[in-house]
Trainee: 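Here's a structure for you.
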Amino acid sequence: MKVVEETPYRFRIEREGAMRVPGIVFASHGLLPDVHGDKALVQVANVATLPGIVRASFAMPDVHWGYGFPIGGVAATDVEAGGVVSPGGVGFDISCGVRLLVAPDLDRVGLMPRLQAVMDRLDHAIPRGMGQKGVWRLLDRASLRRVLEGGARYAVEQGHGVPRDLDRCEDRGVLAGADGAAVGDRALERGLGQVGSLGSGNHFLEVQVVDQVYDAGTAARMGGLRQGSVCVMIHCGSRGLGHQVCTDHVRQMDKAMGRYGIVVPDRQLACTPVRSPEGEAYLAAMTAAANYGRANRQLLTEAVRRVLTAEVGTSLDLVYDISHNLAKLEVHDVDGRRRSLCVHRKGATRSLPPHHPDLPGDLAEVGQPVLIPGTMGTASYVLAGVADNPAFCSTAHGAGRVQSRHQAARGTSGRALRSQLETQGILVRGVSWRGLAEEKPEAYKDIDAVADISQRAGLARKVARLVPLGVVKG
DNA sequence: ATGTAC
């Protein structure tokens, strides 16, 4: 594999063999995965072989190895030119994403005396960990279907939230084209008892404080963010339902691929044309799972609001809710032509520029808020979309693992990690010691570098840096 | 990420 530095923070994997386009990696020398030893770059090159892919197979600054596609990967295919959709390009946690809330009238100083009590209440109020738990326990499939087709909008219609929340959700809280009937029976079964739950792994709910502001005007317009503002960040996805949808459709596409004459270098890249029965079935089910993920974050929002209202008497305003595991049908200019594309973002955040028609009016001047969650002991970022993003309006989604879960847990005690975090003033409410150890900050890349390189590479610009005060984890 | 394999 030949990798050349095109411009600062932009590396090109030369097209060779079956690659239809080059690979483009946005990174510093420090963040760039090892050209000889790291499987992530091989995956970037593999994705470049997909039928219909346009411009390049992109990797964000937090890229790392994943199932078929790298995590931190972006690939767009031309729908009218036989372009494919691939479940591996979305990932198992369909519509995994981040939601940021801000307390309009509470700062760090006001919260500190009540932080312990707030964390104890959240510990009780936030369902998490493996298995069947949730704010809602749906009794029948008809109501689950309303979640799948109505997303966060359905939750708000049921009284769980306020209409303004929807203005600050990607797609106003519901992605069109969902078909509850396209979701398999096993997926439905797994989804019934998990609506309004965090899950485990890197998912979290954090009470945070703004510790740095890079653009005060933008931070204010996004929702009154200023240094010292208390925030709540929720990072979770579509739980077992999304996982099962991915599993079902990878299997289906793996069997069907041959009929379309598609050959891929890795079976985990199983795909079929967007315009095929299998492609359309996957998109209908994926969209339903995405709506489940949005309803999930909406319900958790209401659970946190109840806690903060009761304990400190503050409300919470939604800054934004954005997915980082999704394939979307979008129109982009490619080589001077408007083209209908299937944009896969897997561990990559959509990042719309100012004045994009999909932004709510009050964000038109500043661009889309981009939410990048970090790790427990470090920081998270708010960025804003910029014009002329080279990667179909996408940027990084998190710190990006450098150690596997197994590596991270080996020789690390969850208890010791919690004590260390509490010494730093970060309260931890977990349910699994091993789960905690797997998420130690050292298992991840440097989030400050990821945000910085996202900005230097022209993917987004920094608005604010948030640090955790309390962590609720599965 | 995930009823951590069917």
Side-chain angles (χ1 to χ4, degrees), chain A residues 40 43 62-73 86-99 127-134 137-138 183-195 197-205 234-252 254-255 267-268 285-286 289-290 292-294 296-297 300 322-327 344-349 373-376 397-410 414 430-440 443-444 472-474:
Chain A
Q43 292 186 318
D62 54 337
V63 67
H64 58 113
W65 177 83
Y67 178 89
F69 286 60
I71 296 162
S86 173
V90 171
F92 278 87
D93 195 2
I94 294 166
S95 196
C96 180
V98 183
R99 170 175 284 226
R128 59 202 195 274
M130 299 285 285
Q132 300 284 311
K133 292 164 219 173
R137 187 163 292 271
L138 298 172
V183 176
D185 207 54
R186 274 177 102 178
L188 295 173
E189 195 58 46
R190 293 176 68 172
L192 276 169
Q194 298 183 322
V195 198
S197 68
L198 213 48
S200 54
N202 64 356
H203 289 165
F204 66 72
L205 186 151
I234 300 171
H235 176 206
C236 65
S238 53
R239 304 292 328 274
L241 183 139
H243 191 279
Q244 191 66 47
V245 166
C246 182
T247 303
D248 293 347
H249 289 265
V250 165
R251 191 172 300 148
Q252 234 179 66
D254 184 55
K255 281 194 290 194
R267 279 181 76 178
Q268 295 183 353
M286 181 214 72
Y292 183 98
R294 282 117 187 254
N296 191 18
R297 289 191 288 273
L300 288 170
I322 183 77
S323 304
H324 50 230
N325 283 4
L326 213 55
H344 301 72
R345 296 187 184 87
K346 179 188 192 179
T349 312
T375 60
M376 289 181 290
H397 87 303
R401 271 196 179 274
V402 287
Q403 287 178 18
S404 69
R405 293 181 185 289
H406 186 75
Q407 269 180 309
R410 190 166 49 212
V431 295
S432 152
W433 291 118
R434 178 173 172 107
L436 209 59
E438 289 175 348
E439 294 301 316
K440 66 179 179 185
Y444 286 87
V472 178
K473 280 200 77 76

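Just so it is clear: chains get the letters A, B, ... in the order the sequence lines come, proteins before strands, and each one is counted from 1. Heavy-atom basis, side chains included; hydrogens, waters and symmetry copies ignored.
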Trainee: For A/Tyr67 and B/dA5, give me the distance from atom OH to atom P, rounded to whole Å.
Mentor: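 Checked: the OH to P distance equals 14 Å.
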Trainee: Given the side-chain rings of A/His235 and A/His397, with only the six-membered ring counted for Trp, is the space between their centroids under 6.0 Å?
Mentor: no
Trainee: Test side chain to side chain contact (heavy atoms under 4.5 Å, CB included) on A/Ile234 and A/Leu198 and set out the steps.
Mentor: CA-CA 8 Å; A/Ile234 300 171; A/Leu198 213 48; 4.3 Å; yes
Trainee: How far does CD of A/Gln194 sit from NZ of A/Lys133, to the nearest 0.5 angstrom?
Mentor: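 Nearest 0.5 Å value for the CD-NZ distance: 9.5 Å.
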Trainee: Tell me the interatomic distance from A/Leu241, atom CG, to B/dT2, atom C1', rounded to whole angstroms.
Mentor: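 The distance from CG of A/Leu241 to C1' of B/dT2 comes to 12 Å, rounded to the nearest Å.
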Trainee: Give, for atom CZ of A/Arg345 and atom NE2 of A/His324, the distance between the pair rounded to the nearest 0.5 Å.
Mentor: 13.0 Å
Trainee: Hey, does the side chain of A/Thr247 come within less than 4.0 Å of B/dT2's phosphate (OP1/OP2), counting only N and O?
Mentor: no
Trainee: How is A/Gly91 classified with respect to the nucleic acid when contacts are heavy atoms under 4.0 Å: base, sugar-phosphate, or nothing?
Mentor: nothing
Trainee: Give one of base, sugar-phosphate or nothing for A/Arg401, where a contact means two heavy atoms less than 4.0 Å apart.
Mentor: nothing
Trainee: How long is the straight-line distance from CG of A/Leu138 back to CG of A/Leu188, given to the nearest 0.5 Å?
Mentor: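 Reported to 0.5 Å precision, the distance equals 11.0 Å.
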Trainee: With a 4.0 Å cut-off on heavy atoms, is A/Gly237 in touch with a base, just the backbone sugar-phosphate, or nothing at all?
Mentor: nothing
Trainee: Once you round it to whole Å, what is the distance between P of B/dA5 and CZ of A/Arg186?
Mentor: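 Result: 14 Å.
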Trainee: Once you apply a heavy-atom cut-off of 4.0 Å, does A/Gln244 come out as touching a base, just sugar-phosphate, or nothing?
Mentor: base
Trainee: Less than 4.0 angstrom between a side-chain N/O of A/Arg405 and OP1 or OP2 of B/dT4, yes or no?
Mentor: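 For B/dT4, neither OP1 nor OP2 has a side-chain N or O of A/Arg405 closer than 4.0 Å.
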Trainee: On DNA chain B, compare the nucleotides closest to A/Arg251 and A/Arg239; which residue's is nearer the 5' end?
Mentor: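 Between the two, 5'-proximity favours A/Arg239.
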Trainee: Tell me: NE2 of A/His203 to C1' of B/dT4, nearest whole Å?
Mentor: 15 Å
Trainee: Using a 4.0 Å heavy-atom cut-off, does A/Glu189 contact any base of the nucleic acid, only the sugar-phosphate backbone, or nothing at all?
Mentor: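 The residue A/Glu189 makes no contact with any strand.
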Trainee: Separation of A/Asn325 atom CG from B/dT2 atom P, in whole Å?
Mentor: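 Distance, rounded to whole Å: 11 Å.
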Trainee: Measure CD/A/Glu439 against P/B/dT2 and give the value in whole Å, please.
Mentor: 11 Å
